[in-house]
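Along the sequence shown, residues are numbered consecutively beginning with 1.
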Amino acid sequence: MTTAPPQLTDRAALARNRARATQDALFLHEIAAEQLEDRLQMVKRSFQDVAIVTSQPDFWAARFPHATVVGDTPTLDLQPATHDLVLHAMALHWADDPVGQLAQARRALRPDGLVLSVSFGGRTLSELRAVLAEAESRILGGLSPRVAPMLEIRDAGALLQRAGLALPVADTEKLTVSYADALALMHELRQMGEANALAARDRRIPPRMLFAEAARLYHDRFPNADDPTRIHTTFEFIHLSGWAPDESQPQPLRPGSATTRLADALGTTEHPARDIPLRDRD
């Protein structure tokens with residue numbers, strides 16, 4: 001019996017947030033698209049049947065006009081073995097089951113097809129997360145989730161392997177953005193469609209002083225280096241890539257199947273191993 005993943009996201013609230021997004025606030029999608037295009041150029045392969053899974057279909061359809069664009073619903077609207085490239089674009093951080101999303105993307109690929117994913121990583125909004133937690137603890141005496149948990153780069157390789165993708169690669173890029181203050185940042189997050197849609201969020205209207213205190217803490221703790229009257233915030237992009245398994249891909253050798261000694265390859269003399277005594281560490 002398969003256990004359903006825990007519910008991270010209130011999908012109805014997420015849909016409402018995304019419907020309010022404005023195209024001129026999607027500059028992070030623009031940056032993500034440029035980063036994906038850079039990675040595709042490094043692959044040096046032509047892709048003919050492209051699918052894109054995304055939270056902002058209008059933006060990505062305009063950027064890749066010949067691609068099939070679908071939403072990041074829990075069950076992806078993709079047919080098996082019909083694509084040679086699937087892009088999962090700026091949506092994985094809201095998935096209750098990110099492994100399932102990537103596994104479905106893999107199933108939509110023909111053998112030796114490629115999955116590329118870009119989404120927000122764990123360092124995203126770290127400053128905002130910290131000041132909201134401190135302000136809420138001071139004013140309300142407790143904490144409620146206000147910023148979604150996001151993928152950490154240290155977990156990315158295992159995620160790809162669990163999804164059944166071969167030759168997994170994960171890397172990260174960090175972007176620092178300046179805002180007038182924390183209220184301006186939170187306003188733009190709403191315009192991006194990235195407001196709080198966590199299933200466990202506090203549904204009560206927060207006191208106005210909560211965000212005023214968070215803004216004060218933000219200004220004190222995280223001033224912009226070039227203009228201390230402004231603040232800075234971090235956005236991290238996690239990039240994942242993996243291939244649908246195929247016999248043409250490099251395969252690891254079986255243990256003990258090597259035909260050349262390492263010592264010969266290095267041009268050195270091989271010595272028998274010896275026991276090394278354990279040492280206590282201070």
Side-chain angles (χ1 to χ4, degrees), residues 5-11 13-14 16-18 20-21 25-29 31-32 55 72 90-96 98 117-156 159 170 172-225 228-240:
Q7 184 182 6
L8 169 72
T9 304
D10 179 342
R11 300 295 302 185
L14 183 62
R16 290 193 298 270
N17 292 346
R18 289 172 170 176
R20 290 192 287 265
L26 297 181
F27 73 99
L28 295 175
H29 284 252
I31 293 170
S55 62
D72 61 321
M90 298 296 284
L92 201 61
H93 57 285
W94 283 115
D96 289 340
S117 169
V118 58
S119 64
F120 289 131
R123 290 184 291 177
T124 297
L125 301 176
S126 56
E127 304 89 353
L128 182 63
R129 194 191 309 266
V131 298
L132 282 174
E134 185 171 345
E136 191 166 17
S137 180
R138 289 182 180 184
I139 293 172
L140 300 178
L143 299 178
S144 62
R146 296 190 179 275
V147 179
M150 301 174 194
L151 178 65
E152 299 288 350
I153 189 67
R154 63 176 178 269
D155 302 321
L159 194 74
T172 179
E173 294 197 36
K174 189 178 77 166
L175 174 70
T176 301
V177 181
S178 169
Y179 287 92
D181 54 34
L183 299 179
L185 165 60
M186 288 185 277
H187 176 71
E188 184 153 77
L189 289 173
R190 288 192 292 273
Q191 289 186 311
M192 293 178 191
E194 295 291 342
N196 189 354
L198 292 169
R201 71 190 186 281
D202 190 341
R203 311 299 174 96
R204 298 171 296 179
I205 297 175
R208 183 171 305 212
M209 66 181 70
L210 171 63
F211 297 114
E213 176 66 4
R216 185 190 69 79
L217 290 169
Y218 207 129
H219 182 271
D220 291 345
R221 305 277 175 80
F222 305 106
N224 185 43
T229 66
R230 297 172 62 84
I231 63 166
H232 74 265
T233 193
T234 300
F235 294 99
E236 181 184 27
F237 298 93
I238 298 284
H239 288 269
L240 307 177

Problem set entry | Which residues share a ring-ring contact (aromatic ring centres under 6.0 Å, His included) with H93, sequence neighbours left out | F120
For this session: For the residue pair F237 and H239, categorise the inter-ring angle as parallel (less than 30°), tilted (30 to 60°) or perpendicular (more than 60°).
Result: tilted
Partners passing side chain to side chain contact (heavy atoms under 4.5 Å, CB included) against [X] (at least two apart in sequence or in another chain):
X: R20; value: R16, N17
X: P206; value: R146, L210, F211
X: T234; value: R123, S126, E127, K174
X: R18; value: R11, L14, S55, Q56, D72, A91, W94

How would you list, by chain and number, every residue that makes a salt bridge (Lys or Arg N to Asp or Glu O under 4.0 Å) with [X], sequence neighbours excluded?
X: E134; value: R138, R221
X: R204; value: D202
X: R216; value: E213, D220

Can you give the donor-acceptor pairs under 3.5 Å from side chains of residues 149-156 to other protein atoms, not counting sequence neighbours?
none

Exercise. Side chain to side chain donor-acceptor pair (under 3.5 Å) with S137: which residues, sequence neighbours excluded?
Worked result: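 In terms of side chain to side chain donor-acceptor pair (under 3.5 Å), with neighbours along the sequence ignored, S137 is linked to no residue.
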For this session: Kindly write out the residues that satisfy side chain to side chain donor-acceptor pair (under 3.5 Å) with H29, not counting sequence neighbours, or none if the list is empty.
Result: W60
Exercise. Above 12 or not: heavy atoms from other molecules or residues under 6.0 Å from NE2 of H187?
Worked result: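 Counting other residues, nucleotides and ligands, NE2 of H187 stays at 12 neighbours or fewer.
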For this session: Could you note down all residue pairs passing salt bridge (Lys or Arg N to Asp or Glu O under 4.0 Å) where residues 179-194 supplies at least one of them, sequence neighbours left out?
Result: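 Pairs touching residues 179-194 that pass the test: none.
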